[in-house]
Amino acid sequence: MAQPLRLVHASDLHLERPIYGLAEVPDHLRELLVEAPYQAAEQVFETALAEDADAVLLAGDVLNVDRAGPPAIVLLLDQFARLGDRGIAVYWAGGLVDSPDLWPRSVPLPENVHVFP
């Protein structure tokens with residue numbers, strides 16, 4: 001009997017976008033909200049690990065490299081490496097803001113990451 005294919009799908013993470021409206025947020029919640037997009041992205045990858053996924057499908061608009069700071073790029077590279085250590089492939093189809101051609105050539109993606117225009 002064939003084993004089921006286990007996939008985790010995410011898109012539109014937009015890790016380059018700053019959170020707006022923090023002036024109205026109580027101080028004790030501000031840091032949580034600033035970190036929320038990164039925590040959400042990490043949860044996608046954590047789910048793939050916890051569920052022993054075969055692959056993660058990223059369907060565009062993950063991050064705009066020109067607008068993202070180093071923390072967003074490092075987060076992705078760290079998570080991709082974690083998945084690679086477990087033999088989980090990442091298939092990343094670029095969207096409007098994250099064309100694979102824009103990824104910096106000086107920062108190679110791990111071997112388990114496959115990009116599509």
Side-chain angles (χ1 to χ4, degrees):
M1 177 178 261
Q3 294 288 338
L5 185 62
R6 299 177 62 86
L7 305 172
V8 173
H9 170 262
S11 68
D12 296 292
L13 297 175
H14 286 285
L15 295 175
E16 79 283 350
R17 286 189 182 167
I19 302 295
Y20 295 100
L22 291 179
E24 296 86 30
V25 174
D27 291 341
H28 69 282
L29 295 177
R30 194 166 292 136
E31 186 175 339
L32 288 173
L33 287 173
V34 167
E35 293 296 320
Y38 298 126
Q39 293 293 327
E42 286 178 0
Q43 191 58 52
V44 168
F45 300 111
E46 191 60 40
T47 298
L49 292 166
E51 296 295 329
D52 199 25
D54 295 300
V56 171
L57 309 176
L58 297 175
D61 296 339
V62 174
L63 87 156
N64 181 329
V65 174
D66 290 338
R67 294 180 141 184
I73 294 171
V74 169
L75 176 131
L76 282 182
L77 291 174
D78 288 348
Q79 298 303 318
F80 291 162
R82 288 180 66 209
L83 295 175
D85 290 345
R86 292 272 299 274
I88 299 173
V90 176
Y91 296 97
W92 185 358
L96 295 175
V97 302
D98 62 352
S99 170
D101 296 336
L102 298 176
W103 188 263
R105 296 198 194 298
S106 61
V107 183
L109 291 167
E111 290 183 19
N112 64 313
V113 178
H114 311 279
V115 295
F116 302 96

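Not measured: the values here are computed from a predicted model. These values consider heavy atoms only, across backbone and side chains, with no hydrogens, waters or symmetry-generated copies.
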Spell out, as yes or no, whether a donor-acceptor pair under 3.5 Å connects the side chain of [X] to the backbone of [Y].
X: Asp61; Y: Leu96; value: yes
X: Asp78; Y: Leu75; value: no
X: Asp54; Y: Leu7; value: no
X: Asn64; Y: Glu16; value: no
X: Arg82; Y: Phe45; value: no

Next on the checklist: Does Leu83 form a side-chain contact (heavy atoms from CB on, under 4.5 Å) with Leu49? I'd like the steps, not just the answer.
Outcome noted: CA-CA 7 Å; Leu83 295 175; Leu49 292 166; 3.9 Å; yes
Item to check | Shortest non-hydrogen separation from Tyr38 to Pro71 and the atoms involved | outcome: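 Closest approach of Tyr38 to Pro71: OH-CB, 4.2 Å.
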Checklist entry - Which atom pair, heavy atoms only, marks the closest approach of Pro110 to Leu77? => result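 What the structure gives for the nearest pair is CD-CD2, 4.1 Å.
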In Å, rounded to the nearest 0.5 Å, how long is the span from [atom1] of [X] to [atom2] of [Y]?
X: Asn112; Y: His114; atom1: CG; atom2: NE2; answer: 6.5 Å
X: Leu76; Y: Leu13; atom1: CG; atom2: CG; answer: 8.0 Å
X: Glu46; Y: Glu42; atom1: CD; atom2: CD; answer: 8.5 Å

Checklist entry - Does the pair Trp103 and Val115 meet the rule for a side-chain contact (heavy atoms from CB on, under 4.5 Å), with working shown? => result CA-CA 10 Å; Trp103 188 263; Val115 295; over 6 Å; no
Checklist entry - Heavy-atom count around Glu111 CD within 6.0 Å, excluding the residue itself: above 12? => result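 Not more than 12 within 6.0 Å, no.
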Checklist entry - Is it true that atom CZ of Arg67 has more than 12 heavy atoms of other residues, nucleotides or ligands lying nearer than 6.0 Å? => result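 Open.
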Next on the checklist: With side-chain contact (heavy atoms from CB on, under 4.5 Å) as the criterion, how do Val90 and Ile88 come out once you've worked through the C-alpha distance, each side chain's angles and the decisive distance to 0.1 Å?
Outcome noted: CA-CA 7 Å; Val90 176; Ile88 299 173; 5.6 Å; no
